[in-house]
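Just so you know, these numbers use all the heavy atoms, side chains as well, and skip hydrogens, waters and symmetry mates. To find a chain, count down the sequence lines: A is the first, B the second, and so on, and within it residues start at 1. What you are looking at is a predicted structure, and each value in this text was computed from that prediction instead of being measured.
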2 protein chains.
Amino acid sequence: MISESSKRKISESTIHRLSLYYRVLSVLEKENKETVSSKELAKREKLTPAQVRKDLSFFGSFGTRGLGYPVMELKRQIGDILGLNRTWNVALIGVGNIGSALVGYKEFQRQGFQIRIIFDNDQRKIGSNHKGIQVADIGNLEKELKESKIEIVVIAVPATVAQYIVDDVVKAGIKAILNFAPVNLKVPEDVFLRNENMSMELEYLSFALINLQNGKRA
Amino acid sequence: MISESSKRKISESTIHRLSLYYRVLSVLEKENKETVSSKELAKREKLTPAQVRKDLSFFGSFGTRGLGYPVMELKRQIGDILGLNRTWNVALIGVGNIGSALVGYKEFQRQGFQIRIIFDNDQRKIGSNHKGIQVADIGNLEKELKESKIEIVVIAVPATVAQYIVDDVVKAGIKAILNFAPVNLKVPEDVFLRNENMSMELEYLSFALINLQNGKRA
DNA sequence: TAACAATTGTGAATTGATTCACATTCATTT
DNA sequence: AAATGAATGTGAATCAATTCACAATTGTTA
């Protein structure tokens, strides 16, 4: 747990970069590297050494001057900060296009995010097994979420119904929601909501092709 | 086309917010709203009115003082900036979990991103049709990309092979790549590369649950 | 064991993004 | 046609993030 005083100061970007560091450290571990410098770490994710050091410094001092950071140890520490050295009980709502992909997405499992239950409103899907996971009736949301001790809910339903569903999820006491529907959802202050907007980056590319084509990049 | 002088100054965040504005404007259009104020626009995406006005001001003045912005007209203008009032020829490489989901993702088509061809290295998939789209042999990448006049390539292959594939894509002259593999890919200066890291937001939620649980959010 | 090379950790400086605040403009009402 | 109200567009001010630069520390070499 990080200190009370630092709680309000760590930026979203820093946390996202911790994810990148974690990823690189996993690779370095496989390559049997014992230590890594901020320089090397930065190079592998196209960042600056100073940025790496500053990011890590928010959480403590993990390195050795003159040597660098111990790969395994730093990976463990970042894992602790990000909560990746444990498992999370995740529920998925909506098993259409995106939902199906998420069920089979190995990267989630590898990081401890375990999809325990799937909800859908399609009677043909309810009761069946989707890659070994039970598909429950969205009507039993609250009951099932509690029984499965779900901590994080992933929303992969059409934008038109996402707000209704998220309202029910919130009522069921869930405090962390990942939303794949392309719509801004309203949740109470004490609920963490993150959005995964799959067309945003494609739109950025489109913008870049039209506007940044010649000359330097933005 | 935006002016030469402004080319180097528009931030990534501004472009991403344009995507949000575009989304809201589409909804407002359906609701038959004729005009919208920066206040309303901001409210719908949890931003500030000043932010909305500043973002738009980088590209021109689209509003009327005292009235607000004309919904249809502004949508068209942002569409022009983001390149959404046209179609893009997109190729998808890798039709596994994620790839399959992308093929069926309506949101892409709606915004003009047309998946024209799919590549895979699995002999069982090659030659077949995936939701009406031809699956080609990754071995014929360069030839097929050119024949289909592809402008944007989406990479949805395992992280371990992504760099090899992106090298080939670059050799084929593609200048815009969207990468779903959880790895940092190297591309030349003149190629636009964007990453879609699907676990990053989940990791942020995990972090939030552990570190920000009580008290205010970061 | 002293000198050297490498690299961290971090205040200070800088750069960048957001918000403020207000003059300006337009539509509407009286 | 003047007064009123609403809302833009934008320079200035503020806030936040990144980079700089260097003292401090450690391992290694002579």
Side-chain angles (χ1 to χ4, degrees), chain A residues 2-3 5-21 24-25 28 33-71 73-74 77-78 81 204 216-218, chain B residues 2-3 5-21 24-25 28 33-71 73-74 77-78 81 204 216-218:
Chain A
I2 58 179
S3 76
S5 64
S6 63
K7 258 193 192 175
R8 277 153 195 75
K9 285 198 221 78
I10 289 151
S11 78
E12 191 174 304
S13 325
T14 291
I15 302 308
H16 280 164
R17 282 191 299 267
L18 286 191
S19 291
L20 298 181
Y21 303 149
V24 172
L25 288 164
L28 290 168
K33 295 274 193 329
E34 297 226 325
T35 59
V36 63
S37 65
S38 58
K39 195 176 163 191
E40 170 71 8
L41 214 37
K43 197 180 139 214
R44 297 231 187 184
E45 290 291 348
K46 233 172 287 162
L47 301 165
T48 65
Q51 177 97 80
V52 172
R53 296 200 299 274
K54 178 68 80 178
D55 282 339
L56 295 177
S57 78
F58 292 130
F59 300 95
S61 33
F62 308 110
T64 306
R65 286 160 199 242
L67 235 200
Y69 300 92
V71 171
E73 172 63 8
L74 183 59
Q77 296 264 16
I78 295 180
I81 295 163
Y204 189 93
K216 298 275 151 49
R217 291 148 98 174
Chain B
I2 57 177
S3 75
S5 64
S6 62
K7 259 194 192 172
R8 278 153 193 75
K9 289 198 218 78
I10 289 152
S11 79
E12 190 174 304
S13 324
T14 290
I15 302 307
H16 280 164
R17 283 191 299 266
L18 286 191
S19 291
L20 298 181
Y21 305 149
V24 173
L25 289 165
L28 290 167
K33 294 275 192 329
E34 296 226 327
T35 58
V36 64
S37 65
S38 59
K39 194 175 162 192
E40 170 72 8
L41 216 36
K43 198 180 139 213
R44 298 228 185 184
E45 290 290 349
K46 233 173 286 163
L47 301 166
T48 66
Q51 178 96 81
V52 172
R53 297 201 299 276
K54 178 68 82 181
D55 282 338
L56 295 177
S57 78
F58 292 130
F59 300 95
S61 30
F62 308 109
T64 305
R65 284 160 201 243
L67 236 199
Y69 301 91
V71 172
E73 172 62 7
L74 183 59
Q77 297 265 14
I78 295 181
I81 295 164
Y204 188 94
K216 297 278 152 51
R217 290 147 102 176

Handout entry: Nearest-angstrom distance from the residue atom NZ of Lys54(A) to P of dA16(D)
Key = 15 Å
Handout entry: Bracket notation of DNA chain C in which parentheses pair within the strand, [ ] cross earlier pairs, and | pairs with another strand (Watson-Crick or G-U, under 3.5 Å)
Key = ||||||||||||||||||||||||||||||
Practice task
For Gln77(B) and dG9(D), give me the distance from atom CD to atom P, rounded to whole Å.
Solution key: 11 Å
Problem - Rounded distance (Å) that lies between atom C1' of dA7(D) and atom CG of Leu56(B) - result: 13 Å
Practice task
Report the distance from atom CG of Leu74(B) to atom C1' of dG9(D), rounded to the nearest whole Å.
Solution key: 14 Å
Completion exercise
Here the distance between atom C1' of dT10(D) and atom CZ of Phe62(B), to the nearest Å, is 15 Å
Completion exercise
Among the nucleotides dT26(D), dT18(D), dT10(D), whichever has the atom closest to the side chain of Arg65(A) is dT26(D)
Exercise for the section: Determine whether Tyr69(A) and Glu40(A) make a side-chain contact, defined as any pair of heavy atoms from C-beta on separated by less than 4.5 Å. Expected result: no
Handout entry: First of Thr64(A) and Glu12(B) reached from the 5' end of DNA chain C, by closest nucleotide
Key = Thr64(A)
Exercise for the section: Identify whether any heavy atom of Ser38(A) sits under 4.0 Å from a base atom; if not, whether one sits that close to sugar-phosphate; answer base, sugar-phosphate or nothing. Expected result: sugar-phosphate
Exercise for the section: For the pair Ile78(A) and Phe62(A), evaluate side chain to side chain contact (heavy atoms under 4.5 Å, CB included) and give the outcome as yes or no after the intermediate values. Expected result: CA-CA 10 Å; Ile78(A) 295 180; Phe62(A) 308 110; over 6 Å; no
Handout entry: Glu12(A) atom CD, over 12 foreign heavy atoms within 6.0 Å
Key = yes
Exercise for the section: Just do the side chain to side chain contact (heavy atoms under 4.5 Å, CB included) check on Ile15(A) and Asp55(A) with the steps written out, would you? Expected result: CA-CA 8 Å; Ile15(A) 302 308; Asp55(A) 282 339; over 6 Å; no
Practice task
Work out which heavy atom in Leu41(A) is nearest to a heavy atom in Leu28(A); give both atom names and the distance.
Solution key: CD1-CD1, 4.3 Å
Practice task
Write down the distance between CZ (Arg17(A)) and C1' (dT19(D)), rounded to a whole number of angstrom.
Solution key: 12 Å
Handout entry: Length of the OH-P vector between Tyr21(B) and dT8(D), whole Å
Key = 12 Å
Problem - Atom pair OG1 (Thr48(B)) and NZ (Lys39(B)), whose distance is rounded to the nearest 0.5 Å - result: 13.0 Å
Completion exercise
Min and max contacting nt of DNA chain C in 5' to 3' order, chain B heavy atoms within under 4.0 angstrom, are dA17(C) to dC26(C)
Practice task
Starting from the C-alpha separation in whole Å, work towards a yes-or-no answer on side chain to side chain contact (heavy atoms under 4.5 Å, CB included) for Tyr21(A) and Val36(A).
Solution key: CA-CA 11 Å; Tyr21(A) 303 149; Val36(A) 63; over 6 Å; no
Handout entry: Lys54(B) vs Ser57(B), side chain to side chain contact (heavy atoms under 4.5 Å, CB included): CA-CA, chis, key distance, verdict
Key = CA-CA 5 Å; Lys54(B) 178 68 82 181; Ser57(B) 78; 4.1 Å; yes
Exercise for the section: Using side-chain hydrogen bond (donor to acceptor under 3.5 Å, both in side chains) as the criterion, list what pairs up with Lys33(A), not counting sequence neighbours. Expected result: Glu31(A)
Problem - Nearest-Å distance for atom pair CG/P, residues Leu41(B) and dG9(D) - result: 12 Å
